Amino acid sequence: MDKEGTIHEVHRMYDFLEEVLESKSNEEMEETIDFGGEEMPVWRLFDIVENHSIHHRGYSLVYMRMNGVAPKGYLGW
């Protein structure tokens, strides 16, 4: 996948997550589900997705810097 395709997919993923979050009631977010053999509230899945994307962002920044590419204007917060 080229750079433009990757950017498109990342934006599409965040748009999807935003749509799902907006469609859930507070009660639905508190419902418990089984995920990876562990019972957890639905809202925790969104924390897991955020944490996972942060992991990949950090990995990508390290990879870029190791290859002499300086990310423009990146702030970690």
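Every value quoted in this text rests on a predicted model; they were computed, and no experiment measured them.
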Show which side-chain atoms of residues 14-23 pair as donor or acceptor with protein atoms under 3.5 Å away, not counting sequence neighbours.
from: Y14; atom 1: OH; to: S53; atom 2: OG; distance (Å): 3.3
from: S23; atom 1: OG; to: V20; atom 2: O; distance (Å): 2.8

Item to check | With sequence neighbours excluded, residues passing side chain to side chain donor-acceptor pair (under 3.5 Å) with E50 | outcome: none

Checklist entry - Applying ring-ring contact (aromatic ring centres under 6.0 Å, His included), which residue pairs with at least one partner in residues 47-73 are found, sequence neighbours left out? => result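 Every pair satisfying ring-ring contact (aromatic ring centres under 6.0 Å, His included) with a residue in residues 47-73: H52-H56.
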
Item to check | side-chain contact (heavy atoms from CB on, under 4.5 Å) partners for M66, two or more places apart | outcome: V62

Checklist entry - Looking at residues at least two apart in the chain, or sitting in another chain, which of them share a salt bridge (Lys or Arg N to Asp or Glu O under 4.0 Å) with E28? => result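 For E28 there are no salt bridge (Lys or Arg N to Asp or Glu O under 4.0 Å) partners, ignoring immediate neighbours.
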
Next on the checklist: Suppose clustering is done on Ile, Leu, Val, Met, Phe, Trp and Tyr with side-chain heavy atoms closer than 4.5 Å. Which residues sit in the same group as V69?
Outcome noted: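 Besides V69, the cluster holds M64.
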
Sequence neighbours excluded and cut-off under 3.5 Å, please list the side-chain donor-acceptor pairs for residues 36-48, or say none.
from: E38; atom 1: OE2; to: R44; atom 2: NH1; distance (Å): 2.7

Item to check | From S60 atom OG to R65 atom CZ, the distance as rounded to the nearest 0.5 Å | outcome: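 It is 11.5 Å, given to the nearest 0.5 Å.
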
Checklist entry - Rounded to the nearest 0.5 Å, how far apart are CD of E30 and OG1 of T32? => result 8.0 Å

Checklist entry - Any link between I7 and M13 through a network of hydrophobic side chains (Ile, Leu, Val, Met, Phe, Trp, Tyr) touching at under 4.5 Å? => result no

